[in-house]
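Throughout, a chain's letter reflects where its sequence line sits, starting with A, and its residues are numbered from 1. On a predicted model such as this, the values are computed, not experimentally measured, just so you know.
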Amino acid sequence: MKRLTLRDLPSGCFDGVIPALLGTCSGDGTPNATWLSHVFLLDDRHVALSCQFFRKTRANLADNPHAQLLLVAPNSIQQWRLNIRFLRSETEGRTFELMKSRLDAIASVTRMEAVFALHSADVFEVDAISTVEVEQTEPSVPSGRSADRLFELSRLTEIIGSSADLRTLVDSGLGFLATQLGYESVGVYLLEESEQALYALATHGFPTSGVGARIELGVGVIGTCARHRIPIRIADVNRERLYGRAVREQLERIQSGAERDIPLASVAGAKSLLAVPLVLQGKLFGVLATECQRALAFDERDAQMLTTAGQLLAQSIALYRDEEPEREPEPEPPSILRAGSIQVRYYEADDSIFVDGEYLIRGLPGKILWLLLGLHQREGRTTFLNRELRLHPFLKIPAINDNLATRLLMLQRRLDDKKLPIQLHREERGRLRLTCEMNITLESVSA
Amino acid sequence: MTLSASALADLREFLCLGVSLMLVTRDERLMPEITRAAGARLGEDGLLRVALPLPEARRAVWNLETTPSVALSLVLPTTYRTLQVKGSDTHVVDWPGHEVIARRHADAFVEQVVAVGIPRPIADAFFSHGRYVTVGFTPLEIYDQTPGPASGLRVAP
């Protein structure tokens with residue numbers, strides 16, 4: 001019979017969906033049981049356990065390093081006993097930092113940072129693995145997603161390659177992830193380096209788009225994924241008692257904290273959550289995240305799949321440039337103004353825009369809108385070249401890592417979402433058209 | 001030290017809620033062995049009876065022939081409340097009607113794990129149903145192991 005190694009066990013065993021049990025024995029022969037929230041796979045022969053709440057366990061291991069671990073695969077309930085031997089406790093180094101990052105991610109969702117504080121990473125060598133023989137084991141639940149994922153990825157590259165503009169690229173990319181790969185609710189969030197925060201660029205399959213929503217680095221699953229640049233997978237929110245409460249708390253904080261925020265798109269009753277970092281040239285570019293109402297919806301293969309698909313999207317978004325327009329602008333259609341007027345207020349402090357007292361957007365998209373509205377009002381202009389925006393001293397867009405196209409898309413989307421009488425259209429490559437269906441009064445509030 | 005009537009009553013009630021039951025035994029070389037139990041009840045005679053499913057509990061039963069010390073961990077999946085009971089006189093016992101108790105326990109346990117997201121078609125696959133070895137021990141100590149900074153404190157006798 002083949003000798004089992006840790007690599008033979010499904011990745012779900014290490015997700016913490018079904019807690020593992022650690023059995024130890026004191027020097028005087030008294031057994032002890034301890035539940036573990038997470039078991040970390042280090043390599044073929046080693047696991048690390050997070051020393052969080054153990055008291056008796058630590059004392060037992062000091063007496064007797066031999067222990068047994070029971071792991072369960074959540075998709076099949078297949079179980080394994082691992083005879084393990086305690087080697088050492090680590091309080092720094094790669095293993096410790098990796099474990100700390102993962103626990104931080106969970107803690108950020110549960111708001112239990114103090115409780116989840118990692119004291120040490122306890123490293124064990126695996127001496128033997130045996131399958132628990134259970135009669136009546138049922139077959140595993142199929143994931144429901146396509147098996148031929150390489151083929152699907154090649155189709156995604158085709159779709160991205162054939163997209164004529166950024167909006168189509170992002171929409172068709174996320175749409176493909178939803179319809180062909182089964183990630184029904186998915187969103188892409190881009191880093192705004194100057195603010196150390198992420199903004200939602202586009203989403204698919206959520207009740208509200210949430211475009212423009214801001215997420216601080218380190219906050220929630222998406223912010224934590226970005227801060228640590230590691231995939232964060234919550235396999236069963238109910239089981240961990242994590243997500244519903246976290247979302248509620250986050251929403252409450254957003255609603256009570258300030259009016260300068262847009263609620264993050266979320267699926268009601270989501271149980272599974274997966275966020276992967278998008279890293280380009282060694283720098284964080286953004287996060288791709290998906291959620292699902294079904295528990296155990298994502299496994300390690302999904303993390304790999306979403307990472308690969310996300311990298312394809314991120315590279316295409318980052319490389320996208322709206323080039324020079326190829327023709328002269330169309331004659332401007334006569335503007336038909338509706339009755340009444342709207343007030344647009346711009347706050348210099350954070351470049352936020354409020355329309356009739358209601359928050360719209362902030363940061364670079366807010367600044368762009370303020371510039372366009374000013375030019376429109378002062379000079380009667382309705383069309384603008386991307387090139388002139390890129391060079392305009394008011395916007396201070398960096399020559400390197402130009403993020404104009406994504407911020408314009410975010411602004412367009414946000415204006416669409418709010419159904420305002422101000423709309424921004426991409427008229428053609430490199431040229432925008434601003435339409436205002438009502439009289440606008442502009443007011444700037446100094447910092 | 002004898003456990004108080006209230007601590008035992010709490011344990012008796014907790015055992016009936018569909019808790020996940022894990023028995024840790026050990027061999028003569030102090031190597032622990034973890035086994036899921038298929039049901040447990042605390043009798044009025046003070047004996048905690050445990051149904052161990054076969055084939056997966058074979059080694060635990062073997063261990064108990066020579067080393068009667070055990071730790072029984074009970075966790076309620078929907079709340080994470082966790083108790084651990086220690087005993088040192090475990091032995092094979094007669095337990096008339098244990099199959100009924102085991103079935104009742106399995107049904108309650110399935111409801112618990114389904115409530116936390118385990119698909120119902122596989123929720124019955126945690127342990128075998130059919131053949132059991134029944135053992136019993138006297139609870140000596142109870143520890144509250146509900147996750148948190150206070151985990152591991154002994155329940156007042």
Interface moiety of [X] toward chain A, non-hydrogen atoms closer than 4.5 Å:
X       : answer
B/Leu54 : backbone
B/Arg58 : side chain
B/Thr35 : both
B/Glu33 : both
B/Thr82 : side chain

Does [atom1] belonging to [X] count more than 12 external heavy atoms closer than 6.0 Å?
X       : atom1 : result
B/Asp94 : CG    : no
B/Arg12 : CZ    : yes
B/Glu99 : CD    : yes

Practice item. Please state whether the side chain, the backbone, both or neither of A/Gln79 comes within less than 4.5 Å of a heavy atom of chain B. Key: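 Side chain only.
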**Study point:** chain B contact via A/Asp63 - which portion, at a heavy-atom distance below 4.5 Å
**Key:**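 When you check distances to chain B, no heavy atom of A/Asp63 falls under 4.5 Å.
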Is there a side-chain contact between [X] and [Y] (heavy atoms, below 4.5 Å)?
X        : Y        : result
A/Arg81  : B/Arg59  : no
B/Thr146 : A/Trp35  : no
A/Ile18  : B/Ile118 : yes
B/His129 : A/Glu135 : no
A/Val72  : B/Arg36  : yes
A/Val132 : B/Phe127 : no

Point to revise | A/Thr30 vs B/Glu141, side chain to side chain contact (heavy atoms under 4.5 Å, CB included): CA-CA, chis, key distance, verdict | key: CA-CA 12 Å; A/Thr30 306; B/Glu141 296 167 345; over 6 Å; no
**Study point:** Separation of B/Gln145 CD from A/Lys56 NZ (nearest 0.5 Å)
**Key:**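 Going from the NZ atom of A/Lys56 to the CD atom of B/Gln145 covers 11.5 Å.
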At their closest point, which heavy atom of [X] faces which heavy atom of [Y], and how far apart are they?
X       : Y       : result
B/Pro32 : A/Gly23 : CG-O, 3.3 Å
B/Leu30 : A/Asn64 : O-ND2, 2.9 Å
A/Leu70 : B/Ile34 : N-CD1, 3.8 Å
A/Ala33 : B/Ser73 : CB-CB, 3.8 Å

Point to revise | CA sep, side-chain torsions, deciding dist, call: B/Val24, A/Asn32, side chain to side chain contact (heavy atoms under 4.5 Å, CB included) | key: CA-CA 7 Å; B/Val24 184; A/Asn32 190 72; over 6 Å; no
**Study point:** Check against side chain to side chain contact (heavy atoms under 4.5 Å, CB included), B/Arg26 and A/His66
**Key:** CA-CA 11 Å; B/Arg26 55 102 174 164; A/His66 296 283; over 6 Å; no
Check your understanding: Short question: side chain of A/Glu133, backbone of B/Pro55 - any donor-acceptor pair under 3.5 Å?
Key ->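 No, because the side chain of A/Glu133 does not come within donor-acceptor range (under 3.5 Å) of the backbone of B/Pro55.
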Check your understanding: Taking it one step at a time, do A/Asn75 and B/Ile122 satisfy side chain to side chain contact (heavy atoms under 4.5 Å, CB included)?
Key -> CA-CA 8 Å; A/Asn75 280 321; B/Ile122 58 173; 5.7 Å; no
